[in-house]
Engineer: 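Dumping the structure here so I can ask a few things about it.
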Amino acid sequence: MDHKGKNFLIAGAAGFVPSTVAQLYLDKGATVYGLDNFITGSKSNIELLSKYENFHFTECDITHGLPDFGDIKFHYILSLASPASPIDFKVIPLEIMTVNSIGTQNLLELAKDHGARFLEASTSEVYGDPEIHPQTEDYVGHVNPIGPRSCYDEAKRYAEALTMTYRRKYNVDTKIIRIFNTYGPRMRPDDGRVIPNFINQALEGRDITVYGDGSQTRSFCYVTDLANAIDHVLMLGDHMPYNIGNPDEYSIKETGELIVDALDSSSKLTYQELPKDDPKRRRPDINRVMKLGYLPKVTFAEGIERTAKFFREYKK
Ligand code: NAD
Ligand code: UDP
């Protein structure tokens with residue numbers, strides 16, 4: 001679909017997933033306005049997007065209010081600003097809670113005023129340590145409200161509730177996506193999530209740090225597939241939540257072994273303590289989004305190769 005003449009507001013535009021989504025819409029001819037305070041985002045992503053003449057950026061913390069956009073009318077507002085790595089949960093928990101609550105509400109108010117379609121980027125973390133497998137959207141979750149991950153899980157659950165409330169009370173046209181583990185170029189090397197950790201350890205011949213015995217599972221989605229899934233939901237979806245991701249499931253031990261093999265590395269797996277409340281199994285049921293025509297395309301092997309290329313060049 002061509003998006004010429006459409007104005008998108010992307011909160012978190014300097015981030016890994018949001019900058020990829022911004023690029024997708026810029027490539028489709030849209031005008032994209034990006035907001036970011038760089039708490040976990042990178043200036044290089046903004047430099048890259050700034051090569052498009054229809055990209056406009058304002059540095060701002062969306063919890064402190066939004067810029068004055070004058071006469072601009074937004075057609076789409078994407079709430080993608082939030083740190084997402086478990087290491088951020090320790091370091092910036094209050095920032096995570098406020099961006100998903102106050103920040104999301106500021107964006108919803110703007111969507112109400114502009115009559116814009118609004119998309120909230122929620123997460124598989126709303127399911128907590130799930131008791132059903134694979135996870136379907138009707139599962140209400142198993143979250144520890146006082147655990148070390150709760151600043152993120154509960155903030156995202158609140159953001160979903162806020163989104164549904166704006167729909168019910170003000171009839172805002174809303175969409176909710178629950179993103180499962182995503183990886184790819186533009187992740188920070190020190191992001192702390194498993195794929196950047198393992199790839200950088202493998203590239204440098206360091207030990208691969210498996211937490212626990214490595215039997216816990218995750219299903220990894222390559223970032224351009226994810227951006228494509230977001231587009232399907234934004235353009236074609238209904239207002240109920242959509243799981244988005246890739247259902248191919250790997251144990252963490254297997255993930256380490258695959259990365260070592262794929263990168264022909266001499267690294268060895270080592271085992272460290274498992275963080276508290278670490279979900280044991282995670283795989284999305286993506287039937288709902290597949291009905292909109294989405295299918296993940298990039299295999300894990302191909303995605304690892306492309307991500308490793310990004311990190312090799314990053315170090316130069
Ligand atoms: P990211 O940290 O790379 O991107 C988030 C961006 O938001 C960063 O650029 C950050 O600086 C910006 N930001 C944070 N607080 C802000 C504030 N108060 N004001 C302005 N900007 C702010 O993370 P990501 O992995 O790309 O995640 C993007 C979105 O997708 C987040 O909402 C995250 O919760 C969600 N998500 C991601 C994953 C994943 O696997 N990557 C999984 C589930 C959900
Ligand atoms: N993990 C690991 N070693 C690392 C980083 C993460 O074994 O260096 C594990 C982590 O305990 C979890 C899984 O990999 O079981 C995915 O972790 P990540 O932080 O990427 O995302 P999560 O799904 O936990 O939010």
Side-chain angles (χ1 to χ4, degrees), residues 10-22 34-43 45-46 58-66 78-89 92 94-104 106-107 119-126 129 149 152-153 155-156 159 177-184 186-188 191-201 207-221 223 226-227 230 243-245 250-253 255-256 269-282 284:
I10 300 194
F16 156 56
V17 170
S19 65
T20 310
V21 174
L35 303 177
D36 209 292
N37 66 350
F38 296 110
I39 189 166
T40 51
S42 127
K43 297 220 157 120
N45 290 336
I46 296 302
T58 310
E59 181 167 346
C60 102
D61 182 332
I62 64 163
T63 66
H64 297 159
L66 302 179
L78 277 56
S79 172
L80 305 182
S82 169
S85 169
I87 59 165
D88 297 329
F89 306 168
I92 43 173
L94 289 170
E95 288 83 347
I96 291 175
M97 297 193 85
T98 52
V99 73
N100 284 294
S101 51
I102 300 166
T104 299
N106 287 339
L107 296 171
L119 178 132
E120 172 58 27
S122 182
T123 166
S124 55
E125 293 275 336
V126 298
D129 189 1
R149 301 174 86 96
Y152 184 66
D153 302 1
K156 288 288 187 186
I177 50 171
R178 293 180 180 154
I179 303 176
F180 281 65
N181 296 66
T182 301
Y183 71 100
R186 302 188 195 168
M187 290 185 102
R188 287 173 290 148
D191 171 298
R193 283 177 276 189
V194 66
I195 301 289
N197 272 10
F198 284 7
I199 290 184
N200 284 295
Q201 289 161 351
D207 286 347
I208 304 288
T209 54
V210 175
Y211 301 160
D213 63 5
S215 62
Q216 71 273 31
T217 68
R218 293 295 185 271
S219 306
F220 298 107
C221 184
V223 66
L226 186 89
I230 292 179
N243 287 338
I244 59 174
Y250 299 91
S251 76
I252 294 303
K253 179 167 181 282
T255 304
L269 269 52
T270 57
Y271 295 86
Q272 300 187 356
E273 198 184 336
L274 186 70
K276 183 169 164 21
D277 290 346
D278 197 284
K280 281 180 268 314
R281 292 183 80 185
R282 189 183 283 155

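Computed over heavy atoms, backbone and side chain alike; hydrogens, waters and symmetry mates excluded. Just so you know, ligand 1 is whichever comes first in the structure, and atom 1 is the first atom listed for that ligand.
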Engineer: Are Arg218 and Asp278 ion-paired here, with the side-chain N under 4.0 Å from a carboxylate O?
Structural biologist: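 Yes, this pair counts.
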Engineer: Is Arg188 touching ligand 1 with its side chain, its backbone, both, or neither, if touching means heavy atoms under 4.0 Å apart?
Structural biologist: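 The answer is neither; Arg188 stays 4.0 Å or more away.
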Engineer: Please could you name the atoms of ligand 1 that Asp36 approaches to less than 4.0 Å, counting only its heavy atoms?
Structural biologist: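 In order of numbering, the contacting atoms are 6 (C), 7 (O), 8 (C), 9 (O), 10 (C), 11 (O), 12 (C), 20 (C), 21 (N).
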Engineer: Leu35 pairs by side chain to side chain contact (heavy atoms under 4.5 Å, CB included) with which of Asp61, Leu66, Ile10?
Structural biologist: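 Filter result, single survivor: Leu66.
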Engineer: Against heavy atoms of Asp61, which atoms of ligand 1 measure under 4.0 Å?
Structural biologist: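 Ligand 1 atoms under the 4.0 Å threshold to Asp61: 17 (C), 18 (N), 19 (N).
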Engineer: Looking only at distances, please establish whether an N/O atom of ligand 1 is found under 3.5 Å from an N/O atom of Phe16.
Structural biologist: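 Yes: some nitrogen or oxygen of Phe16 is under 3.5 Å from one in ligand 1.
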Engineer: Run the contact test for Lys156 against ligand 1 with a 4.0 Å cut-off on heavy atoms, strictly below, and give the result.
Structural biologist: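 Contact check Lys156 vs ligand 1: positive.
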Engineer: Name the closest protein heavy atom to atom 23 (O) of ligand 1, giving the residue it belongs to and the distance to 0.1 Å.
Structural biologist: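 For this ligand atom, the closest protein heavy atom is Ser82 O, 3.7 Å.
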Engineer: Using a 3.5 Å distance criterion without hydrogens, assess whether the side chain of Asp207 forms a donor-acceptor pair with backbone atoms of Thr270.
Structural biologist: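 Judged by distance alone, no pair lies under 3.5 Å.
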Engineer: Can you name the atoms of ligand 1, numbered from 1 with element, that are less than 4.0 Å from a heavy atom of Ala84?
Structural biologist: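 Reading through ligand 1 atom by atom, the close ones are 25 (O), 33 (C), 34 (O).
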Engineer: When only distance counts, is Thr63 in polar contact with ligand 1, meaning an N/O pair under 3.5 Å?
Structural biologist: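 By distance alone, the answer is no.
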Engineer: When only distance counts, is Pro83 in polar contact with ligand 1, meaning an N/O pair under 3.5 Å?
Structural biologist: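 No; every N/O pair is 3.5 Å or more apart.
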Engineer: Check each atom of ligand 1 against the heavy atoms of Thr123 and keep those under 4.0 Å away; list them by number with element.
Structural biologist: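 Per the distance check, 43 (C), 44 (C).
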Engineer: Considering both backbone and side-chain atoms of Leu35, is one of its nitrogen or oxygen atoms within less than 3.5 Å of a nitrogen or oxygen in ligand 1?
Structural biologist: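 Looking only at distances, the answer is no, because the N/O contact criterion of under 3.5 Å is not met.
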Engineer: If you measure from each heavy atom of Arg193 to ligand 1, is any distance below 4.0 Å?
Structural biologist: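 Within the 4.0 Å threshold, so yes.
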Engineer: Give me the atom names and distance for the closest heavy-atom approach of Leu269 to Tyr271.
Structural biologist: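 Looks like CD2-OH, 3.8 Å.
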Engineer: Any atom of ligand 1 sitting under 4.0 Å from a heavy atom of Ser85?
Structural biologist: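 Ser85 does not count as a contact of ligand 1 under the 4.0 Å cut-off.
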Engineer: Contact residues of ligand 2 with a heavy-atom cut-off of under 4.0 Å?
Structural biologist: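 Within 4.0 Å of ligand 2, protein side: Pro86, Glu125, Arg149, Asn181, Gly192, Arg193, Val194, Asn197, Phe198, Thr209, Val210, Tyr211, Gln216, Arg218, Ile252, Pro275, Asp278, Arg282.
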Engineer: Restricting to non-hydrogen atoms, name the atom on Arg186 and the atom on Phe16 that form the minimum distance, rounded to 0.1 Å.
Structural biologist: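 Reported closest heavy-atom pair: O-CB, 3.7 Å.
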Engineer: From Phe89 CZ over to Arg149 CZ, what is the distance, rounded to the nearest 0.5 angstrom?
Structural biologist: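 Nearest 0.5 Å value for the CZ-CZ distance: 5.5 Å.
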Engineer: Take Asp129 and Lys280 through the salt bridge (Lys or Arg N to Asp or Glu O under 4.0 Å) test and state the conclusion after the steps.
Structural biologist: CA-CA 6 Å; Asp129 189 1; Lys280 281 180 268 314; 2.6 Å; yes
Engineer: Mark yes or no for whether Asn100, through its side chain, and Ala159, through its backbone, hold a donor-acceptor pair below 3.5 Å.
Structural biologist: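 Checking the backbone N and O of Ala159 against the side chain of Asn100, no donor-acceptor pair under 3.5 Å is found.
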Engineer: Backbone, side chain, both or neither: what part of Ser122 comes under 4.0 angstrom of ligand 1, heavy atoms only?
Structural biologist: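 Within the 4.0 Å criterion, Ser122 contacts ligand 1 through backbone atoms alone.
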Engineer: What residue and atom, counting heavy atoms only, is the protein's closest point to atom 30 (O) of ligand 1, and at what distance?
Structural biologist: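 For atom 30 (O) of ligand 1, the nearest protein heavy atom is Ile179 CD1, 3.6 Å.
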Engineer: For Ile179 and Ala121, which heavy atoms make the closest approach, and how far apart are they?
Structural biologist: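 Of all heavy-atom pairs spanning Ile179 and Ala121, the closest is CD1-CB, 4.1 Å.
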Engineer: Between Asp88 and Pro83, what is the shortest heavy-atom contact and its length?
Structural biologist: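 So the two residues come closest at OD2-CB, 3.5 Å.
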Engineer: Test of understanding: given a 4.0 Å heavy-atom threshold, classify the contact between Ser124 and ligand 1 as side chain, backbone, both, or neither.
Structural biologist: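 The answer is neither.
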Engineer: At the 4.0 Å heavy-atom cut-off, does Gly103 count as touching ligand 1?
Structural biologist: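 Per 4.0 Å heavy-atom rule, Gly103 does not contact ligand 1.
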Engineer: Under a 4.0 angstrom heavy-atom cut-off, which atoms of ligand 1 come close to Gly41?
Structural biologist: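 Counting atoms of ligand 1 from 1, those under 4.0 Å from Gly41 are 8 (C), 9 (O), 10 (C), 11 (O).
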Engineer: Determine the minimum heavy-atom distance between Ile252 and Phe198, stating which atoms define it.
Structural biologist: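 So the minimum-distance heavy-atom pair works out to O-CE2, 3.7 Å.
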Engineer: What atoms of ligand 1 come within less than 4.0 Å of a heavy atom belonging to Phe38?
Structural biologist: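 Within the 4.0 Å cut-off of Phe38, ligand 1 contributes 11 (O).
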Engineer: Quick one: list whatever passes ring-ring contact (aromatic ring centres under 6.0 Å, His included) with Tyr183, sequence neighbours left out.
Structural biologist: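 Testing Tyr183 for ring-ring contact (aromatic ring centres under 6.0 Å, His included), a comparison that skips the adjacent residues, returns Tyr222, Phe300.
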Engineer: Starting from atom 26 (O) of ligand 1, find the nearest protein heavy-atom neighbour and note its residue, name and distance.
Structural biologist: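 Its nearest protein heavy-atom neighbour is Val17 N, 2.7 Å.
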Engineer: Any atoms of ligand 1 less than 4.0 Å from a non-hydrogen atom of Tyr152? List them with their elements.
Structural biologist: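 So the answer, numbered in order with elements, is 33 (C), 34 (O), 36 (N), 43 (C), 44 (C).
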Engineer: Is Val99 in polar range of ligand 1, meaning some N or O pair under 3.5 Å apart?
Structural biologist: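 For ligand 1, there is no N or O atom that lies under 3.5 Å from one belonging to Val99.
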Engineer: Before signing off on this row, confirm whether Thr182 and ligand 1 have an N or O atom pair separated by under 3.5 Å.
Structural biologist: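 It does: an N or O of Thr182 is found under 3.5 Å from an N or O of ligand 1.
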Engineer: Assess whether atom CD of Glu273 is packed by more than 12 heavy atoms of other residues, nucleotides or ligands within 6.0 Å.
Structural biologist: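 Count not over threshold, so no.
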Engineer: Under 4.0 Å from a heavy atom of Ala81: give me the atoms of ligand 1 that qualify, with their elements.
Structural biologist: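 By the 4.0 Å cutoff, the relevant atoms are 7 (O), 13 (N), 21 (N), 22 (C).
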Engineer: Closest heavy-atom contact between Asn106 and Gly65?
Structural biologist: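 Closest heavy-atom pair between Asn106 and Gly65: ND2-N, 3.6 Å.
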Engineer: Between Asn37 and ligand 1, does any nitrogen or oxygen pair lie at a separation below 3.5 Å?
Structural biologist: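 There is such a contact, yes.
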